[in-house]
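What follows is a short report on a single structure.
To find a chain, count down the sequence lines: A is the first, B the second, and so on, and within it residues start at 1.
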There are 2 protein chains.
Amino acid sequence: MDDDAVFKALADASRRQLLDRLYERNGQTLGALCADLDMTRQAVAKHLVILEEANLVSTARQGREKLHFINPVPINGIAERWINKFEQRQLGMLSALKKALEDEGDA
Amino acid sequence: MDDDAVFKALADASRRQLLDRLYERNGQTLGALCADLDMTRQAVAKHLVILEEANLVSTARQGREKLHFINPVPINGIAERWINKFEQRQLGMLSALKKALEDEGDA
DNA sequence: CATATAGGCAACCAAATGGTTGCGTGTCAA
DNA sequence: TTGACACGCAACCATTTGGTTGCCTATATG
């Protein structure tokens, strides 16, 4: 998995919104995803390409329609491989910070 | 918590690298974080500001040094509030995708 | 066939981003 | 006090990004 592509894809609020919409109703067409989105169809299409390239969205052609499906695997990957790394030591980190702030308070 | 700031802060590989370095050794100074980083001190400083504004890094002044501490709370926030949302339905999503691909295969 | 509908491609543009250089400020130590 | 050291601030620059418009292709449907 390409961590960087996934993080960059998730960095944009419009793209997160698209994922939210696909979460609510999976397998939508480009046209459906454009509805009420205050963006041109082409802008949405570009976002979907970025999500596809990050493997966050998979597509299936059906006639002249292209259905979009959310793919939670890369998100899982981040959560497991990168984020949990920090959770592990969370308490240790917080107490280290607290101590440092106290030391600074003394000075 | 400002989701957007956190996602944008995490979107840059240099900033993730800085977090990795702080994970390895917490409480480093700007100078220490610059070492071997093939970037000017000012560039690193800018990244640290962004991490600070996203509340991913906390700082404590100590004399003329500024110590940087990783803060795992916002990462936790994302993992819990946003990412788990997708994990929940992971199996359902994957089976829906599989079915759609099969349908497309028939056409 | 003719035409509407769903989507793809490419050029273009403004603003944000990631980086630089140059210089100023505060703190420690000889 | 004088200089070295750690950092902050600001201007500037190239590239990326998010968006637009215009036009083209492909699939349905009268």
query = Just how far, in rounded Å, is C1' of C:dT27 from CZ of B:Arg61?
reply = 9 Å

remark   = Nearest heavy-atom contact between A:Phe69 and A:Leu22 is C-CD1, 4.5 Å

query = Minimum heavy-atom separation for B:Asp4 to A:Ala13, with atom names?
reply = OD1-CB, 4.0 Å

request  = Write down the distance between CD (B:Gln62) and C1' (D:dA6), rounded to a whole number of angstrom.
outcome  = 13 Å

ask   = C:dG26 C1' sits how many Å from B:Lys66 NZ, rounded?
value = 14 Å

message = Whole angstroms only, please: what is the CG-P distance between A:Leu48 and C:dC9?
response = 13 Å

request  = Mark up nucleotides 13-24 of chain D, 5' to 3', with B wherever a protein heavy atom is under 4.0 angstrom from a base atom, S wherever such an atom reaches only the sugar-phosphate, and - elsewhere.
outcome  = -----SBBBB--

Under 3.5 Å, N/O pairs linking protein and nucleotides 1-5 of chain D:
residue	atom	partner	partner atom	Å
D:dC5	O2	B:Arg64	NH1	3.1

inquiry  = Please find the pair of heavy atoms, one from A:Val6 and one from A:Ala54, that lie closest to each other, and give the distance.
reply    = CG2-O, 3.6 Å

Polar side-chain atom of B:Gln28 near backbone of B:Arg21 as donor-acceptor pair, under 3.5 Å = yes

note = Angle separating the five-pair end axes of the helix from C:dC1-D:dG30 to C:dA30-D:dT1, nearest 10°, is 10°

key: Qualifying residue, where the test is side-chain contact (heavy atoms from CB on, under 4.5 Å) with B:Leu18 and the options are B:Leu56, B:Asp12, B:Leu37   = B:Leu37

request  = Dump the intermediate steps for side-chain contact (heavy atoms from CB on, under 4.5 Å) on A:Leu19 and A:Leu10, then the final yes or no.
outcome  = CA-CA 9 Å; A:Leu19 287 179; A:Leu10 292 177; 3.7 Å; yes

Chi angles and distances behind the side-chain contact (heavy atoms from CB on, under 4.5 Å) call for A:Leu30, A:Lys66 = CA-CA 7 Å; A:Leu30 170 59; A:Lys66 187 176 181 181; 5.9 Å; no

ask   = Hey, mind stepping through A:Thr29 and A:Leu67 against side-chain contact (heavy atoms from CB on, under 4.5 Å) and telling me if it holds?
value = CA-CA 5 Å; A:Thr29 68; A:Leu67 305 178; 3.6 Å; yes

Exercise: identify the closest heavy-atom pair between A:His47 and A:Ser14 = NE2-CB, 3.9 Å

ask   = Within this structure, what is the CD-to-C1' distance between A:Glu65 and C:dA4, rounded to whole angstrom?
value = 14 Å

ask   = B:Lys8 and A:Ala11: which non-hydrogen atoms are nearest, and at how many Å?
value = CG-O, 3.5 Å

ask   = Between A:Asn71 and A:Ser58, is there a donor-acceptor pair closer than 3.5 Å when you use the side chain of the first and the backbone of the second?
value = no

